[in-house]
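Just so you know, ligand 1 is whichever comes first in the structure, and atom 1 is the first atom listed for that ligand.
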Amino acid sequence: MNKKRISEEMEKILNKQVTNEAWNAEIYLAYGAWADDQGMTGLSNYLFRHSKEERDHMMKFMQHIMQRGGKVKIDQIPKPLENPKNLKECLENLFEAEVENSEAIYKIINLALEEKDWATWNFLQWFVKEQIEEENLVEELLDRYNLISGGGEINGSDLYQFDKDLSKEEDEADIARDSSIEKQ
Ligand code: FEO
C-alpha cells in the first residue's frame, strides 16, 4: 500500500527547502560569529537566536514531508555567505537572503496549487506569514541603520547604541520563536 500523499516533484522541492532553511541557519550563525568578532554582541546574540529559528523552519519542512508519507533526504548544506565588509552589508545580505527564501517558498506554493495538494498548500500558509515577519525584521534594522547613518557607515557611539538597542529586541525574535516546532 502506498501511503505517500505528496508527488515526487513536491517531495523533491520540499527537501530542497529543508536544505534552504539549513543554509539560512548557517548564514545567521556565520554572521553572528562575525558580529561577535567585531565587538557587536547585541547583533551577535540576535543573529544566533535567529539561526535557531531557521533550524526550526527546517524541522517543520522535514516534519511535513514525513507526515505526508514522503522521504526526507538530508543534503549537503552550501557554504554560508562570505563575511560582510561592514554592518550595512551584513544587514543588506540578510535582507536579500530572506527575500530569496520567500521566493523559494512561493515556488512551492505555486506547485501545491498546480497539483491541488491542499495539505501542503495549507502547511505553507504559516510560512507566508512568517516570511513577511522575517523580511520586516531585517528591513526595520536596515531602515534604522540608514536613518542613523544617512546611507554611509556608522561607527563610534552610533554603532554602540545600535548594537545596544539590538540586545533589547528579544520580544521581536520571540514572536517567531514562539511559533517554532518546539512550542507546538
Ligand atoms: Fe526560514 Fe528566515 O526564513
Side-chain angles (χ1 to χ4, degrees), residues 6 10-36 40 42-68 70 72-84 87-112 119-145 166 169-184:
I6 49 173
M10 183 59 80
E11 185 182 77
K12 203 168 159 195
I13 199 169
L14 286 170
N15 269 305
K16 190 162 182 280
Q17 191 57 27
V18 168
T19 311
N20 283 347
E21 298 291 347
W23 183 60
N24 273 273
E26 293 278 288
I27 295 172
Y28 279 98
L29 208 54
Y31 275 23
W34 169 82
D36 181 76
M40 291 182 275
L43 177 64
S44 174
N45 285 329
Y46 181 88
L47 299 178
F48 285 149
R49 283 201 308 275
H50 202 94
S51 175
K52 187 180 171 301
E53 282 176 26
E54 298 297 348
R55 204 170 177 284
D56 289 342
H57 296 169
M58 178 195 77
M59 292 300 296
K60 272 179 179 283
F61 275 99
M62 288 174 62
Q63 194 179 46
H64 181 71
I65 296 168
M66 294 185 287
Q67 278 177 345
R68 302 305 292 160
V72 169
K73 294 183 189 100
I74 299 298
D75 207 346
Q76 191 173 358
I77 307 168
K79 262 178 68 175
L81 301 173
E82 293 296 327
N83 281 344
L87 178 55
K88 187 176 194 302
E89 193 177 282
C90 167
L91 299 174
E92 285 173 348
N93 289 353
L94 291 176
F95 180 71
E96 277 174 22
E98 286 297 348
V99 172
E100 209 179 295
N101 200 40
S102 299
E103 283 164 3
I105 288 167
Y106 299 154
K107 266 191 198 160
I108 314 175
I109 295 174
N110 280 336
L111 181 65
T120 301
W121 186 88
N122 186 56
F123 161 74
L124 291 166
Q125 297 312 300
W126 183 90
F127 279 96
V128 173
K129 190 163 167 279
E130 178 73 358
Q131 282 308 119
I132 293 171
E133 184 190 308
E134 302 236 315
E135 286 178 21
N136 282 347
L137 277 177
V138 190
E139 192 178 10
E140 277 170 23
L141 291 185
L142 251 179
D143 287 347
R144 196 189 307 167
Y145 178 95
L166 265 181
E169 298 219 355
E170 288 188 36
D171 287 344
E172 283 184 325
D174 274 349
I175 294 169
R177 192 169 50 192
D178 282 347
S179 309
S180 76
I181 196 165
E182 284 178 4
K183 307 259 170 114
Q184 285 184 342

### Message
Test your reading of the model: is there a side-chain donor-acceptor pair from Trp23 to the backbone of Lys79, 3.5 Å cut-off?
### Response
yes
### Message
Check Glu11 with Arg68, please: is the shortest side-chain N to carboxylate O separation under 4.0 Å?
### Response
no
### Query
Do the non-hydrogen side-chain atoms of Asn93 and Tyr31 ever get within less than 4.5 Å of each other?
yes
### Query
Any ion pair linking Lys60 and Asp56 (charged N to carboxylate O, less than 4.0 Å)?
no
### Query
Got more than 12 heavy atoms from elsewhere within 6.0 Å of CD, Glu82?
no
### Query
Protein N/O/S atoms under 2.8 Å from atom 1 (Fe) of ligand 1: how many?
3
### Parallel, tilted or perpendicular: ring planes of Phe123 versus His64, cut at 30 and 60 degrees
parallel
